[in-house]
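One structure below.
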Number of protein chains: 4
Amino acid sequence: MRRNKPKYKQIIEAAVVVIAENGYHQSQISKIARQAGVADGTIYLYFKNKEDVLISVFKEKMAMFVQKINEVIAGKETAAEKLLVMIESHFKILSADKKLAIVTQLELRQSNKDLRFKINEVLKEYLSVLESILEYGRERGELKADLDIRLARQMIFGTMDETATTWVLNEHKYDLVALAPKVHSLILNGCMSKNANS
Amino acid sequence: MRRNKPKYKQIIEAAVVVIAENGYHQSQISKIARQAGVADGTIYLYFKNKEDVLISVFKEKMAMFVQKINEVIAGKETAAEKLLVMIESHFKILSADKKLAIVTQLELRQSNKDLRFKINEVLKEYLSVLESILEYGRERGELKADLDIRLARQMIFGTMDETATTWVLNEHKYDLVALAPKVHSLILNGCMSKNANS
Amino acid sequence: MRRNKPKYKQIIEAAVVVIAENGYHQSQISKIARQAGVADGTIYLYFKNKEDVLISVFKEKMAMFVQKINEVIAGKETAAEKLLVMIESHFKILSADKKLAIVTQLELRQSNKDLRFKINEVLKEYLSVLESILEYGRERGELKADLDIRLARQMIFGTMDETATTWVLNEHKYDLVALAPKVHSLILNGCMSKNANS
Amino acid sequence: MRRNKPKYKQIIEAAVVVIAENGYHQSQISKIARQAGVADGTIYLYFKNKEDVLISVFKEKMAMFVQKINEVIAGKETAAEKLLVMIESHFKILSADKKLAIVTQLELRQSNKDLRFKINEVLKEYLSVLESILEYGRERGELKADLDIRLARQMIFGTMDETATTWVLNEHKYDLVALAPKVHSLILNGCMSKNANS
DNA sequence: AATGAATGAGCGTTCATTCAT
DNA sequence: AATGAATGAACGCTCATTCAT
């Protein structure tokens, strides 16, 4: 089980640091190796190639996302509460590790189509957690009976993602986590005034 | 004004075609030159460097977006209607030019941080049109009085963008424009059931 | 016609010098470029890749061999005379360009199977000239009526090649051309004593 | 004496198999170790370096050649007979072990100049057996009194070698051993017709 | 004796940019 | 203005060898 070898994690963490500090296209294997304190060749004992390092960074971090989200939503009764803690957790994880935020929101998106296709595969697990909350809410009558789950998922993920990216582009200069309730409210209730007739 | 010279437009259009057909990383200056019917060196008479070509592609196309959106929203009275036609137009432009959709949703995002920073600058004009609609709606009492404009803008743009990207990743196999009313409804009213007490 | 561009020949000649002086495995593109007085990238304007440079060295030189041989054998009446001048010319060309001798007899043989397969293709033209002399001699009654042409060709080429290689391995310390008549006699008459009954 | 240790032979045999199956440039130490059932490092307990493994392969196999040839020529009276059985044995050994044939005729020749220089040293023993047959024949009056022994040896070895290589390049699709008498006749009597006046 | 994880030097090729014509 | 031949920096990956255990 390669994931338990200390060097595996060591290289993953080094990759996050190097990519955040240098950008995707300036993250040569030699830099990652130096940061990890190993020889270039050692990376190839744990990873198939450079792409495998990058996809593994994403897999490991996304697995952490999914695990964390699953933990916090389990403790909540309603879909609305589950969504709130999901958004909060998502923002908390990025706020707690700003280098990770740079990597996931900006740098990894510069990868080529192949890598981004693989990243999308990994993302699916996360999106399916989100979809299961939506289905749960729809069944309970909390959410609209005719809610298009996929579209709603795209709205919610799109909103969280855009919010997080804007925050990173603004160099983290405001509190991302504090936005969670407002984002949550927008998603559940929309923009429209209560007394407007649509 | 370089933009009025015929070769300027010629090179821009050639770049869109080449990027859509070959992908960002396979779009060498020599390919763009060949597609445009000029010599490699000629490109450097109209553009500072390769990045300038790409940012110009984005600027030109985004200007078209802004112009089109301004046209359609001018003919609508309410903010809700303006938003609907904005979403529809956004989706229509991408549906009408699938190469452009590939370029904006997938390929240009592979560019490096510098280029994407500049693209974000260009995007601001588009986003400010969106913000002005939201302000208009808030003033008219259509939209929530306490609506956080910037956050709402992020939600709306994030949702449209994610919806469009998913559509491109699914190889345009369903009708993107047909989703506009549902996206519009989600944005205005949210996911929550009417009779739920939030 | 790339072969007439001066840089093409320039690079071929540089390759011969570099390979002879450094050996096949130490003949990096950068060394060949430096020797030719061009930039590394320039080589790729004239050759597809490194293998293409090496195979072209062989093709050009072998074409010279074939042309020279054809010239000298045309002036001779009998197959025996043709063979003699062929062997002499073969040895003369190698003697006149000792670097070329090192390259063809030692260095190019270290190439991988793919390259050597392609070299063999080029060699076929040379071997067919040899076979045509043998056929001519058989028809004229000079050579044995039941001579196995292919086997005789292998004997003659094998003998010339081994003789030349041994000479190169001995660092050209004796006169290769002077051996031609003896090689010719061995090939025509064999080793056996005239009065022996076999 | 390292050669008597079981792992020594084990590694040699593994090397022959690996080189024949993968080619010279794809025969990494790790592959040879795996085939031999030992660790990579173990090879360095028995061999100085990779070159030492390869030269040892050649030495061991060439020793077998020499021993076998010495056995068969001892049973023959005339030089002509000795030569015939030598050629036959040479071809038989290669026919019987096609992997060995690939290794000696094609793969080992891709090695660098140093290694091939050492291989030539080993070859000398084989060549000296051949020369002693020629000297024996000359003394007995069987072979020409003025025969240049070294040149004749080059002709004979070159012919056998070229014949064997051509056979390997033709993927062993004809019977190599069956060619021995014809090769023998060519070597002894040459190509020339009996009644020609040379 | 035996292991195998770790090392790190080495190189073919691409392509944005220049500049003499 | 337009050309396009020439430039040369930059990097992922392999694998023979070592050495702590």
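Here is how names work: the chains are called A, B, and so on, in the same order as the sequence lines, proteins then strands, and each is numbered from 1.
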Whole Å only: how far is the CG atom of B:Asp52 from the P atom of E:dA16? 14 Å

Euclidean distance, atom CG of residue B:Asp40 to atom P of F:dA5 [Å, nearest integer]: 9 Å

For a quick test of reading the model: is some side-chain N or O of C:Lys48 closer than 4.0 Å to OP1 or OP2 of E:dT13? no

So if I take every side-chain heavy atom of D:Gln26 and compare against E:dT7, F:dC15, E:dT13, which nucleotide ends up nearest? F:dC15

At under 4.0 Å between heavy atoms, what does A:Ile29 touch on the DNA or RNA strands: base, sugar-phosphate, or nothing? sugar-phosphate

Given E:dA1, F:dA16, E:dC11, identify the nucleotide with an atom nearest to the side chain of D:Leu45. E:dA1

Look at the side chain of A:Lys99 and the backbone N and O of A:Val16, then say whether any donor-acceptor pair between them is shorter than 3.5 Å. no

Give the rounded distance in Å between these two atoms: OH of B:Tyr24 and C1' of E:dC15. 13 Å

Reckon C:Tyr46 has a side-chain N or O less than 4.0 Å from the OP1 or OP2 of F:dA6? yes

Expressed as a whole number of angstroms, how long is the span from B:Lys7:NZ to F:dA1:P? 10 Å

Starting from the 5' end of DNA chain F, give me the residue, A:Asn49 or C:Val38, whose nearest nucleotide shows up first. C:Val38

For B:Ala39 and A:His25, take the nucleotide of DNA chain F holding the closest heavy atom to each; which residue's nucleotide lies nearer the 5' end? B:Ala39

Taking atom C1' of F:dC19 as reference, at what distance in whole Å does atom CD1 of D:Ile43 sit? 17 Å

Quick check: on DNA chain E, is the nucleotide nearest C:Tyr44 upstream (toward 5') of the one nearest B:Lys50, or the reverse? Name the residue that is more 5'. C:Tyr44

Do C:Glu60 and C:Tyr8 get their side chains close enough for a donor-acceptor pair, meaning under 3.5 Å? yes

Between D:Gln10 (CD) and E:dA1 (C1'), how many Å, whole number? 14 Å

In whole angstroms, how far is the C1' atom of F:dC11 from the CZ atom of A:Arg34? 13 Å

Write down the partner of E:dT7 under the Watson-Crick or G-U wobble criteria, each distance required to be under 3.5 Å. F:dA16

E:dA1 pairs with which nucleotide, Watson-Crick or G-U wobble, both distances below 3.5 Å? none

Hey, are D:Glu51 and D:Lys118 close enough for a salt bridge, meaning a charged N less than 4.0 Å from a carboxylate O? yes

5′-ward residue of the pair D:Gly37/C:Ser30 relative to DNA chain E: D:Gly37

To the nearest 0.5 Å, tell me how far B:Ile11 CD1 sits from B:Ile32 CD1. 9.0 Å

Would you mind reporting whether D:Val53 and D:Tyr46 have side-chain heavy atoms less than 4.5 Å apart? no

Distance check needed: F:dT14 P versus D:Asn22 CG, whole Å only. 16 Å

